[in-house]
*Asks:* 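Below is the structure I would like to discuss, written out as structure tokens.
None of these values were measured; they are calculated from a predicted model. By convention here, the first residue in the shown sequence is residue 1. Whatever order the structure lists ligands and atoms in, that order sets their numbers, starting from 1.
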Amino acid sequence: MTNSRCRYISLLLVVLIFLLRVSAQAALPRRVIIDTDPGIDDAMAILLALNSPELQVEALTVVAGNVEQPQGFENALKIVSLAERCDVVVAGGAKHPLNQKLITAQFWHGKNGLAAVELPPAKCKADSRFGPDLIIEMVHAHPHEITLIPVGPLTNIALAVSKDPSIVPLVHDIVIMGGSVSGGNVNGASEANIYNDPEAAQIVFNAGWIVTMIGSDVGERTLITRKRLSELRESHGPESNFVAKLADFYLTRAEKSGYSGAAMYDPLAVGTVIEPTLVTLKAMHVDVETKGEFTRGETVANRMGSNENNVLHGDHYEIEGVIELKPNARVCLASDANRFLDLFIARIKGK
Ligand SMILES: [Ca+2]
């Protein structure tokens with residue numbers, strides 16, 4: 001065999017091994033930790049994740065938010081029990097925000113956070129570790145493999161990165177439900193998860209990773225409707241029936257408030273990890289307002305990638321060019337709502 005032929009065959013083998021590795025990695029399910037405050041849309045998001053072969057749900061860590069943490073913890077355990085997924089670690093986390101009183105949301109989620117639906121008692125056992133510590137442990141155990149999906153206030157994630165900043169470059173990705181670049185759902189400015197712990201959110205956005213931000217403004221254009229609910233009800237199963245009850249309650253609440261459907265906030269964050277082409281993202285720098293009189297908890301996104309540089313000249317300032325800002329987020333600007341709802345219904349229906 002000539003030298004050039006030998007080199008050609010070696011090169012072919014190297015390319016073949018590379019392609020095999022890439023396809024093996026692509027076929028592996030993504031390890032995820034869902035940090036959650038269940039919550040109707042949290043429950044939908046968790047069940048979507050548990051029924052998606054693209055994801056391997058390693059853990060649920062529970063944070064205070066829609067309901068007080070002990071109630072959310074109980075809900076999380078009941079949800080994994082319903083799905084017969086006791087392999088998923090469920091750990092309790094922060095019981096209150098870093099720097100303010102908790103604001104719970106039974107108004108939207110029902111008295112127990114799950115549309116007042118009484119699920120059977122949990123068969124799965126709680127993990128005794130503190131949620132933020134569990135996140136730190138799991139990220140170190142699987143470096144560059146874990147995607148964090150926080151769908152509640154960012155308290156647990158802020159505690160984890162504050163205690164051990166070395167996890168930041170070891171996390172594969174962080175996809176949050178929270179914030180908005182076009183007005184809030186709590187008030188004119190702020191989205192509920194960020195509003196419930198603005199200091200934690202500012203820590204998370206500036207931790208050194210790129211946060212994928214699925215905001216309430218896009219969630220509100222990604223609606224479950226009565227038509228979609230009837231599709232879900234075409235076949236039955238414990239999880240499917242539960243989600244139908246949640247959706248019915250959620251829709252009734254939304255309709256009373258004048259909306260044509262209910263926002264799939266948290267499920268869309270999970271959907272983005274399953275199928276990234278469902279959303280349109282734009283790199284931006286995002287800071288969280290922690291002081292404003294009307295804007296505390298607002299995600300302030302810089303669409304230009306720079307701030308004007310104002311320099312004092314005698315008694316006034318003069319603009320001297322701009323200061324470039326490094327993006328710290330990929331902000332979701334749009335979703336393919338129909339394709340997402342198709343995915344959601346297909347994964348839950350009849351389960
Ligand atoms: Ca939530």
*Asks:* Does the pair Glu234/Lys349 count as a salt bridge with the N-to-O cut at 4.0 Å?
*Replies:* yes
*Asks:* With a 4.0 Å cut-off, would you call Lys111 and Glu118 a salt bridge?
*Replies:* yes
*Asks:* State, to the nearest 10 degrees, the angle whose vertex is the Ca ion (ligand 1) and whose arms point to OD1 of Asp42 and O of Val151.
*Replies:* 150°
*Asks:* Identify, by name, the N, O or S atom of Asp266 lying closest to the Ca ion (ligand 1).
*Replies:* OD2
*Asks:* What I want to find out is whether Asp248 reaches Arg226 closely enough, with some N-O distance under 4.0 Å, to be called a salt bridge.
*Replies:* yes
*Asks:* Between His140 and Asp164, do the side chains contain a donor N or O and an acceptor N or O under 3.5 Å apart?
*Replies:* yes
*Asks:* Give a yes/no answer: is there an N/O/S atom of Asp41 under 3.0 Å from the Ca ion (ligand 1)?
*Replies:* no
*Asks:* Out of the N/O/S atoms in Asp37, what is the name of the one closest to the Ca ion (ligand 1)?
*Replies:* OD1
